[in-house]
Amino acid sequence: ISYIFFVIILTTILIYIITKNIKFRRVAFYSASLSVLLFVISIVLLTVRINRDFNVKYGIIISPSVIGKFSPDPSSKESFIIHEGLKVKIEDKVDDWLKIRLEDGKVGWVKKDDLGII
């Protein structure tokens with residue numbers, strides 16, 4: 001989409017330069033302005049998408065049974081119990097603890113050794 005807007009920008013600028021008719025120049029100017037705005041918006045959305053794709057990490061539970069904690073502390077209260085093979089989203093890391101988010105929205109901390117990062 002960004003490429004299409006870029007081509008439209010170049011085309012409208014070329015029309016603006018080549019034409020002598022004031023109406024065509026005005027239409028080309030406003031079209032180029034709108035295309036620049038849409039081009040910038042599409043580039044920003046593309047950057048956000050690429051950033052999210054490269055920075056979001058997932059993991060698989062490799063221990064038979066893991067207890068998720070409310071905080072990265074062995075004496076913390078239990079949040080949930082999950083089993084081997086579950087895919088989770090990794091959100092944070094503190095020492096040997098990883099903050100994970102389950103697909104149902106539950107958040108908890110597990111030991112790094114209980115999770116295989118993919």
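All values below come from the heavy atoms of this structure, side chains included, with hydrogens, waters and symmetry mates left out. Computed from a predicted model, the values in this text were never measured in an experiment. Positions are given from 1 along the sequence.
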Problem - Non-hydrogen side-chain atoms of Leu98 and Val88 separated by less than 4.5 Å - result: no
Problem - Ser65 and Ile81, any side-chain heavy atoms less than 4.5 Å apart - result: yes
Fill in the blank from the handout: One should read off an interatomic distance between Ser76 OG and Ile67 CD1, to the nearest 0.5 angstrom, of 11.0 Å
Problem - In one Ile/Leu/Val/Met/Phe/Trp/Tyr side-chain cluster, 4.5 Å: Tyr30, Tyr16 - result: yes
Problem - ILVMFWY network linking Leu34 to Val36, side-chain heavy atoms under 4.5 angstrom - result: yes
Exercise for the section: Using the test side chain to side chain donor-acceptor pair (under 3.5 Å), find all partners of Asp96 that sit at least two apart in sequence or belong to another chain. Expected result: none
Fill in the blank from the handout: Exactly one of Val7, Ile9, Ile13 clears side chain to side chain contact (heavy atoms under 4.5 Å, CB included) with Thr11, and that residue is Val7
Problem - All salt bridge (Lys or Arg N to Asp or Glu O under 4.0 Å) counterparts of Lys106, not counting sequence neighbours - result: Asp104
Practice task
Hydrophobic side-chain clustering at under 4.5 Å (ILVMFWY, transitive links): who's grouped with Tyr58? Put none if nobody.
Solution key: Val56, Ile60, Ile118
Practice task
Find out whether Lys112 and Trp97 are in side-chain contact, i.e. whether some heavy atom of one side chain is under 4.5 Å from a heavy atom of the other.
Solution key: no
Practice task
Look at the side-chain heavy atoms of Ile, Leu, Val, Met, Phe, Trp and Tyr, link any pair under 4.5 Å apart, and say whether Leu86 and Ile90 land in one connected group.
Solution key: yes
Fill in the blank from the handout: Between Ser63 and Asp114 the two heavy atoms that sit nearest each other are OG-OD1, 2.8 Å
Handout entry: Any side-chain heavy-atom pair of Phe5 and Ser42 under 4.5 Å
Key = yes
Problem - Residues in ring pair (Phe, Tyr, Trp, His ring centres under 6.0 Å) contact with Phe6, at least two apart in sequence or another chain - result: Phe39
Problem - Student check: side-chain heavy atoms of Ile100 and Ile82 closer than 4.5 Å - result: yes
Completion exercise
Correct closest heavy-atom pair for Glu84 and Ile62 would be OE2-O, 3.6 Å
Problem - Steps toward side chain to side chain donor-acceptor pair (under 3.5 Å) verdict (Asp73, Ser75) - result: CA-CA 5 Å; Asp73 181 24; Ser75 61; 2.7 Å; yes
Completion exercise
Taken to the nearest 0.5 Å, the spacing of Leu38 CG from Ile8 CD1 works out to 8.5 Å
Completion exercise
Taking every heavy atom of Thr12 against every heavy atom of Ala32, the minimum-distance pair comes out as OG1-CB, 3.2 Å
Practice task
Treating Ile, Leu, Val, Met, Phe, Trp and Tyr as nodes and any side-chain heavy-atom pair under 4.5 angstrom as an edge, say whether Leu45 and Val40 lie in one connected cluster.
Solution key: no
Handout entry: Any pair counted as salt bridge (Lys or Arg N to Asp or Glu O under 4.0 Å), so long as it reaches residues 12-35, sequence neighbours left out
Key = none
Handout entry: Close side-chain approach of Asp92 and Trp109, heavy atoms under 4.5 Å
Key = yes
Exercise for the section: Measure the shortest side-chain to side-chain distance between Ile61 and His83 over non-hydrogen atoms and say whether it is less than 4.5 angstrom. Expected result: no
Problem - Distance-minimising heavy-atom pair for Ser79 and Val107 - result: OG-O, 3.5 Å
Practice task
Write down the atom of Ser2, the atom of Ile43, and the distance for their closest heavy-atom approach.
Solution key: OG-CD1, 3.6 Å
Exercise for the section: Would you confirm whether Ser31, through its side chain, and Val27, through its main-chain N or O, come within 3.5 Å as a donor-acceptor pair? Expected result: yes
Practice task
Give the cluster check for Ile117 versus Leu102: same hydrophobic cluster or not, with ILVMFWY residues linked at side-chain heavy-atom distances below 4.5 Å.
Solution key: yes
Handout entry: Distance, nearest 0.5 Å, that separates CG of Asn55 from CG of Asn51
Key = 4.5 Å
Completion exercise
The complete set of salt bridge (Lys or Arg N to Asp or Glu O under 4.0 Å) pairs with one or both residues in residues 51-72, sequence neighbours excluded, reads Arg49-Asp53
